[in-house]
Amino acid sequence: MLAAPTPQRRHRAPNPARPAPRVANSAAHQAVLSTRLTPRDRWIISMLWEHRVLTSEQITSVAFPSYRSGRQRLRELYLWSVVDRFQPFTPTGSAPMHYVLAPAGAAALAAQHGFEVKELGYRHDRAVGIAHSLRLAHTVGVNEWFVRLIADAQRGGAFTVDAWWSEVRCARLFGDLTRPDGYGRLDRGGAHAEFFLEFDLGTEPLTKVVAKLVGYSALAESTGISTPLLFWFPTARREANARKQLLAAWRGLDNPDAVPIATAAANLLDPSDEQSPANAVWLALNAHSSNRSWLHEVLPTCPRPAASATDLPVVLPPPDPMPPLASRPAAAAR
């Protein structure tokens with residue numbers, strides 16, 4: 001849940017998967033896969049490469065008309081060695097299945113773009129290793145934030161998610177200055193609104209959170225691009241405490257206006273409504289009123305994107321965050 005992300009301490013160890021016969025990743029298998037993988041399958045592969053891990057609920061909520069059909073297709077991709085899966089341990093209940101990219105999926109992705117798997121830097125042990133990572137809860141939480149935004153775009157149609165860059169991609173591009181948890185761009189009828197996301201689980205001191213403003217200020221000065229910065233906190237209390245420190249640090253920047261900031265808290269979302277980060281839970285850091293705004297109201301728009309996928313000095317361009325149109329739940333409902 002976006003309003004109650006699973007804390008890292010609950011991810012103590014993955015439950016062993018049920019044994020199932022899987023196809024070996026051979027040349028013959030790759031030839032067969034070329035006739036079986038649909039555009040939606042290839043979208044899932046690209047998203048797993050970009051964002052490392054996605055849960056069954058995250059994938060099915062935006063790419064399948066029903067959870068049952070999504071679970072069945074994901075199982076087939078698992079048996080074909082296109083994806084791997086694990087289920088983190090929880091003291092009560094059960095966690096959703098978590099999916100990562102498997103060797104056959106990496107080979108298909110590399111071939112699609114004219115590369116060898118080794119050129120992608122893919123390693124199976126590293127892909128599966130996130131099951132034991134201390135950043136698993138944070139990675140899943142960030143991905144849940146963006147997936148909820150994509151689901152909102154599919155329901156309403158007022159905007160589309162034009163770009164979603166992972167923490168890894170952001171680190172490659174901006175890591176010498178700052179390391180955002182994600183970069184996003186919305187398209188509202190030809191007007192684009194971009195932002196950086198800082199997703200807070202309440203596990204690190206606020207002084208460390210606030211110290212990140214220096215890096216964002218340096219990035220804005222270096223690029224000449226003023227990109228809004230969004231802080232997402234778990235509770236309104238932590239947000240209130242953070243806002244005091246953020247405001248003091250923001251005013252101390254050389255050019256505060258180059259780093260527009262807005263904050264929100266997860267527990268402000270209405271539990272009876274669709275829980276989306278696009279909802280009216282945002283408050284600009286320098287706001288003179290306590291009235292919360294919708295996400296699009298705190299993001300200034302520009303006529304064209306500040307950067308495009310072809311400008312990025314990385315091996316593969318970022319995948320389209322929106323799944324193929326024919327496979328979207330909203331399209332299927334119509």
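Quantities reported herein were computed from a predicted structural model and do not represent experimental measurements.
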For residues 45-52, which side-chain N or O atoms pair as donor and acceptor with protein atoms under 3.5 Å away, sequence neighbours left out?
from: Ser46; atom 1: OG; to: Arg42; atom 2: O; distance (Å): 3.1
from: Glu50; atom 1: OE1; to: Arg169; atom 2: NE; distance (Å): 3.1
from: Glu50; atom 1: OE1; to: Arg169; atom 2: NH2; distance (Å): 2.7
from: Glu50; atom 1: OE2; to: Ser166; atom 2: N; distance (Å): 3.1
from: Glu50; atom 1: OE2; to: Ser166; atom 2: OG; distance (Å): 3.3
from: Glu50; atom 1: OE2; to: Arg169; atom 2: NE; distance (Å): 2.8

Q: Identify, with sequence neighbours excluded, every residue that meets ring pair (Phe, Tyr, Trp, His ring centres under 6.0 Å) alongside Tyr216.
A: Phe196

Pairs meeting criterion salt bridge (Lys or Arg N to Asp or Glu O under 4.0 Å) with involvement of [range], two or more places apart:
range: residues 209-235; value: Glu198-Lys212, Glu204-Lys212
range: residues 267-284; value: Arg155-Glu274
range: residues 239-264; value: Glu239-Arg292

Honestly curious: do [X] and [Y] fall in one hydrophobic cluster under the side-chain, below-4.5 Å linking rule?
X: Trp250; Y: Leu177; answer: yes
X: Leu33; Y: Leu101; answer: yes
X: Val214; Y: Leu229; answer: no
X: Leu197; Y: Leu201; answer: yes
X: Val142; Y: Val168; answer: no

If you compare all heavy atoms of [X] against all heavy atoms of [Y], which two are closest, and at what distance to 0.1 Å?
X: Ala95; Y: Pro88; result: CB-O, 3.5 Å
X: Ala127; Y: Tyr122; result: CB-CE1, 3.9 Å
X: Gln58; Y: Ser61; result: O-OG, 3.0 Å
X: Pro96; Y: Ser56; result: CB-OG, 3.8 Å
X: Pro180; Y: Cys170; result: CD-CB, 3.8 Å
X: Ala278; Y: Trp294; result: O-CE3, 3.1 Å

Would you confirm whether [X], through its side chain, and [Y], through its main-chain N or O, come within 3.5 Å as a donor-acceptor pair?
X: Ser222; Y: Ala218; value: no
X: Arg22; Y: Tyr78; value: yes
X: His29; Y: Trp80; value: yes
X: Asn255; Y: Ser217; value: no
X: Arg185; Y: His192; value: no

**Q.** Pair Phe86-Val53, side-chain contact (heavy atoms from CB on, under 4.5 Å): steps then yes or no
**A.** CA-CA 10 Å; Phe86 63 90; Val53 57; 4.2 Å; yes

Q | His98 and its side chain to side chain contact (heavy atoms under 4.5 Å, CB included) partner, picked from Leu54, Val140, Ile130 | A | Val140

Spacing of [X] atom [atom1] and [Y] atom [atom2] [to the nearest 0.5 Å]:
X: Leu77; Y: Gln72; atom1: CG; atom2: CD; answer: 10.0 Å
X: Arg238; Y: Thr263; atom1: CZ; atom2: OG1; answer: 12.5 Å
X: Asn279; Y: Leu295; atom1: CG; atom2: CG; answer: 9.5 Å
X: Trp145; Y: Asp181; atom1: CH2; atom2: CG; answer: 11.0 Å
X: Leu213; Y: Leu285; atom1: CG; atom2: CG; answer: 8.0 Å
X: Glu167; Y: His138; atom1: CD; atom2: NE2; answer: 6.0 Å

Tell me which donor-acceptor pairs under 3.5 Å the side chains of residues 111-120 have, and how far apart each pair is, sequence neighbours excluded?
from: Glu119; atom 1: OE2; to: Glu116; atom 2: N; distance (Å): 2.8

Taking only residues two or more places apart in sequence, or in another chain, which ones meet [X] in a side-chain hydrogen bond (donor to acceptor under 3.5 Å, both in side chains)?
X: Ser290; result: none
X: Asp41; result: Thr38, Arg73
X: Ser276; result: Asp152
X: Thr203; result: none

Just so I know, are the side chains of [X] and [Y] near enough to count as touching, which here means a heavy-atom distance under 4.5 Å?
X: Asp200; Y: Pro234; value: yes
X: Phe233; Y: Asn241; value: no
X: Phe64; Y: Thr60; value: yes
X: Ile44; Y: Tyr99; value: no
X: Val23; Y: Val32; value: no
X: Leu173; Y: Trp165; value: yes
X: Thr55; Y: Val147; value: no
X: Trp164; Y: Ile150; value: yes

Q: Would you please name every residue forming a side-chain contact (heavy atoms from CB on, under 4.5 Å) with Asp176, sequence neighbours left out?
A: none

Q: Keeping to residues at least two apart or across chains, list the ring-ring contact (aromatic ring centres under 6.0 Å, His included) pairs with something in residues 269-293.
A: Trp232-Trp282

(Q) Please evaluate residues Leu186 and Val161 with respect to the criterion side-chain contact (heavy atoms from CB on, under 4.5 Å), reporting the C-alpha separation (whole Å), side-chain torsions for both, the decisive distance (0.1 Å), and the verdict. (A) CA-CA 5 Å; Leu186 307 183; Val161 182; 4.2 Å; yes

Q: Ignoring hydrogens and angles, state whether a donor on the side chain of Tyr67 or Glu57 is under 3.5 Å from an acceptor on the partner side chain.
A: no

